[in-house]
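Inspection log for the structure reproduced underneath, given as structure tokens.
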Amino acid sequence: SDGRQIVHVGLQGYELPASERRPLNLTFLVDVSGSMASADKLELAKRSMNLVIDRLRPEDTVAVTYYAEGAGTTLAPTPGSQKLKMRCAVESLIARGGTAGARGLTNAYEQAEANLARNRVNRILMFTDGDFNVGVTDNKRLEDYVAEKRGTGIYLSVYGFGRGNYQDARMQAISQAGNGVAGYVGDLNDARRLFGPQFDKGAFPIADDVKIQVEFNPARVAEWRLIGYETRLLNEEDFANDAVDAGEVGSGASVTALYEVTPVGGPTQTGQRRYPDNRIGRGGGDPSGEIGFVQVRYKQPGQARSELIQQVIASRAAGRVSVQPPESTRWALAVAAFGQKLRGDPWLSADYGWDRIIDHAQGARGDDPYGDRAAFVQMVRAAETLPGRREP
């Protein structure tokens, strides 16, 4: 947008050495209702589980549970050395009946608790299309139950499959309550990406209750907006409160945030105020070089008190911030623009077309070993054919 700039904040988690990775206590929770009876649902979920089994060590364990009209267990917690037994339990799953997701969750937690240990990573991996239609189906009640169980040290991640009755909002809410991740598995390539080497990034935690706070210097920045993360926002007073829960970060995981900022003197959304608050000119630090301040609070896994990292965001006060932003920034801009375009975001310029998103992405593809960036470009091309969204 004319008169505005982008601030790109990136955080990178360190890679946990293999020798420091705790044993896994995994429980597969599989939706085997009738709605899962297609190749892109249950069959793909089975292949995904087998990719996880491939990565198990002898000290790891897996239990296999399921739900349809009722709930059950095909495999109690079993050591990672017995991979054939695990694969047979996965293969025995057949789709039929209703979708008693709440009963399935209860059963999965019982299996996870049977093998619960503080020196293990205790996780439930849920594979579903998210269509719960038997028993407790209210998002908030399920969310409350999962949040309560999070206190036991068992976290929940949700992986979605299929289309049509796909319930993304429900799965996002449940996974966030369970301190886990939500992912979508559209094909075998997605499964390989999520459950191959990248699986370790979510499976082995390096920090709990990670909170990020960004403050802008009012001597330099008149307005700002965070692009995305609407469901991840915390109240400012919660940042330093260790009793307030936040997300977990896994080994080697990265977090990207983009802010659109209006420099002082630029075209702000709000007009001149009759009673200005006189903040401009009173910002902390060097008003000519300091744009903002990033703070990160986190807890070492299993600890109750948080630690603090602080970092100044600085650049010269005048002129172009960057003639050619780094590849990672250009790529993040393309992806963010795609999301805004799809949702009909009112902050995106009306004349910002799909072709500009493609140009940004094509110029920032860089190293693409799994073809993810090439697939993104094709997805943008496909989106050009969609009818326009009427409401944001």
Short N-O contact, Arg330 and Asp359, less than 4.0 angstrom: no

Verdict with supporting geometry, Glu113 and Lys149, salt bridge (Lys or Arg N to Asp or Glu O under 4.0 Å): CA-CA 10 Å; Glu113 288 169 353; Lys149 287 295 185 180; 2.9 Å; yes

Met126 and Leu105: CA distance, side-chain angles, deciding distance, side-chain contact (heavy atoms from CB on, under 4.5 Å) verdict: CA-CA 9 Å; Met126 186 175 185; Leu105 279 171; 4.2 Å; yes

Side chain to side chain, Asp40 and Asp187, heavy atoms closer than 4.5 Å: no

Distance-only side-chain donor-acceptor flag, Asp242 / Ser306, under 3.5 Å: yes

same_hphob_cluster(Val214, Phe239) at 4.5 Å side-chain heavy-atom cutoff: no

Ring-face cation of Arg21 near Phe204 (centre distance under 6.0 Å, axis angle within 45°): yes

Gln295 atom CD: more than 12 heavy-atom contacts under 6.0 Å: yes

Under 3.5 Å: donor-acceptor pair, side chain of Asn25, backbone of Ala112: yes

Closest contact, heavy atoms only, Gln111 versus Ala63: CB-CB, 4.3 Å

Between OH on residue Tyr259 and CG on residue Leu226, distance to nearest 0.5 Å: 4.5 Å

CA sep, side-chain torsions, deciding dist, call: Leu342, Leu386, side-chain contact (heavy atoms from CB on, under 4.5 Å): CA-CA 9 Å; Leu342 283 176; Leu386 293 174; 4.2 Å; yes

side-chain contact (heavy atoms from CB on, under 4.5 Å), paired with Tyr298, selected from Ile309, Val249, Asp208, Asp209: Ile309

Pair Tyr159 + Tyr184: ring centers closer than 6.0 Å: no

Cluster check Leu308, Val296: I/L/V/M/F/W/Y, side chain < 4.5 angstrom: no

Full working for salt bridge (Lys or Arg N to Asp or Glu O under 4.0 Å) between Arg381 and Glu384: CA-CA 5 Å; Arg381 295 189 191 281; Glu384 288 184 278; 5.1 Å; no

Donor-acceptor side-chain pairing of Thr65 and Asn107 below 3.5 angstrom: no

Audit row: Arg123, Glu248, salt bridge (Lys or Arg N to Asp or Glu O under 4.0 Å) steps and yes/no: CA-CA 12 Å; Arg123 297 192 181 280; Glu248 181 190 65; 2.6 Å; yes

Gap separating the CD1 atom of Ile174 from the OG1 atom of Thr128, nearest 0.5 angstrom: 8.5 Å

Student check: side-chain heavy atoms of Phe28 and Leu93 closer than 4.5 Å: no

Side-chain donor or acceptor of Lys211 paired with backbone N/O of Gly247 under 3.5 Å: no

Check: Lys85 side chain, Pro79 main-chain N or O, donor-acceptor pair, under 3.5 Å: no

Parallel, tilted or perpendicular, as decided by the 30° and 60° cut-offs, for the rings of His360 and Tyr352: parallel

Side-chain heavy atoms of Thr106 within contact of Tyr145, under 4.5 Å: yes

Polar side-chain atom of Thr152 near backbone of Arg150 as donor-acceptor pair, under 3.5 Å: no

Between Thr27 and Tyr109: side-chain donor-acceptor atoms closer than 3.5 Å: no

Side-chain donor/acceptor of Ser81 to backbone N/O of Pro58, under 3.5 Å: no

Charged N-O contact under 4.0 Å between Asp200 and Arg55: yes

Non-hydrogen atoms of Ala374 and Arg365 that approach each other most closely: CB-NH2, 3.4 Å

Joint hydrophobic cluster, Phe293 plus Leu11, side-chain heavy atoms closer than 4.5 Å: no

Trp331 six-ring centre to Arg373 NZ/CZ under 6.0 Å and within 45° of normal: yes

Plane angle bin for Trp224 and Phe216 - parallel if under 30°, tilted between 30 and 60°, otherwise perpendicular: tilted

Leu258 CG to Thr256 OG1 distance, which is reported to the nearest 0.5 Å: 7.0 Å

ILVMFWY cluster, Tyr155 and Val158 together (side-chain gap under 4.5 Å): no

Backbone N/O of Leu156 and side chain of Asn179: donor-acceptor pair under 3.5 Å: no

Under 3.5 Å donor-acceptor, Lys41 side chain and Ser35 backbone: yes

Pairwise side-chain contact, Lys299 with Arg305, heavy-atom cut-off 4.5 Å (strictly under): no

From Ile154 atom CD1 to Ile124 atom CD1, the distance as rounded to the nearest 0.5 Å: 6.0 Å

Glu307, CD atom: more than 12 neighbouring heavy atoms under 6.0 Å: yes

Donor-acceptor under 3.5 Å (Glu223 side chain, Gln269 main chain): yes

Arg118 versus Gly153, closest heavy-atom pair with distance: NH1-CA, 4.0 Å

Salt-bridge contact Asp190-Arg193 (side-chain N to carboxylate O under 4.0 Å): yes

Test item: Ser157 side-chain N/O and Val181 main-chain N/O as donor-acceptor pair under 3.5 Å: yes

Hydrophobic cluster membership, Val121 vs Leu56, 4.5 Å side-chain cutoff: yes

Check: Pro325 main-chain N/O paired with Thr329 side-chain donor or acceptor under 3.5 Å: no

Distance-minimising heavy-atom pair for Ala336 and Ile227: CB-CG2, 4.2 Å

Residue Glu236 excluded, over 12 heavy atoms near CD under 6.0 Å: no

Side chain to side chain donor-acceptor pair (under 3.5 Å) between Asn119 and Arg22, intermediate numbers included: CA-CA 7 Å; Asn119 66 336; Arg22 291 178 285 162; over 6 Å; no

Sub-4.5 Å side-chain heavy-atom contact between Asp54 and Arg87: yes

Where Ala117 and Asn122 come nearest, the two heavy atoms and their spacing: O-ND2, 3.0 Å

Reported CD-to-OG distance for the pair Glu20 and Ser251, which is rounded to 0.5 angstrom: 9.5 Å

Pairwise side-chain contact, Ile313 with Val294, heavy-atom cut-off 4.5 Å (strictly under): yes

Heavy-atom pair with the smallest gap, counting every atom of Arg57 and Leu24: NH2-N, 3.9 Å

